[in-house]
Amino acid sequence: MTIDEHNFITPVAWLQTNTGGEQLLLGREVVFDKFNIEFRQAEEQIIFTWREDLKS
């Protein structure tokens with residue numbers, strides 16, 4: 001997976017049912033360990049910031 005310029009390996013799965021147009025959140029495994037994640041509800045944004053203490 002690539003987020004911004006950061007490449008890493010993470011498990012992937014497919015959702016095989018119609019969610020009615022809802023947006024899906026990336027799985028927590030690996031992604032939540034590598035990024036600080038900020039949820040801005042009012043702006044409907046999710047901001048991923050690479051954790052600088054990690055090696056690529």
Side-chain angles (χ1 to χ4, degrees):
M1 177 179 291
T2 302
I3 298 178
D4 292 334
E5 70 278 2
H6 306 288
N7 300 306
F8 53 93
I9 296 173
T10 186
V12 176
W14 281 263
L15 181 64
Q16 295 182 324
T17 58
N18 185 352
T19 63
E22 298 171 6
Q23 292 194 10
L24 302 175
L25 181 63
L26 292 172
R28 292 184 60 133
E29 190 170 359
V30 180
V31 175
F32 277 52
D33 293 335
K34 294 188 176 291
F35 290 87
N36 291 321
I37 301 173
E38 179 181 354
F39 296 89
R40 293 188 178 178
Q41 184 67 26
E43 293 90 7
E44 297 182 356
Q45 292 182 333
I46 301 172
I47 300 170
F48 293 83
T49 305
W50 182 255
R51 291 185 50 207
E52 294 297 330
D53 58 331
L54 297 175
K55 296 189 192 293
S56 296

I3 and F8: CA distance, side-chain angles, deciding distance, side chain to side chain contact (heavy atoms under 4.5 Å, CB included) verdict | CA-CA 9 Å; I3 298 178; F8 53 93; 4.1 Å; yes
Exercise answer: donor-acceptor pairs, residues 39-47 side-chain atoms, under 3.5 Å, sequence neighbours excluded:
from: R40; atom 1: NE; to: E38; atom 2: OE2; distance (Å): 2.8
from: R40; atom 1: NH2; to: E38; atom 2: OE2; distance (Å): 3.3

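With sequence neighbours excluded, the residues forming a side chain to side chain donor-acceptor pair (under 3.5 Å) with T2 are N7, listed by chain and number.
Rounding to the nearest 0.5 Å gives a distance of 9.0 Å between OG1 of T10 and NZ of K34.
By the 30° and 60° cut-offs, the orientation of the rings of F35 relative to F48 is perpendicular.
When all heavy atoms are compared, the tightest approach of D33 to R51 is O-NH1, 2.8 Å.
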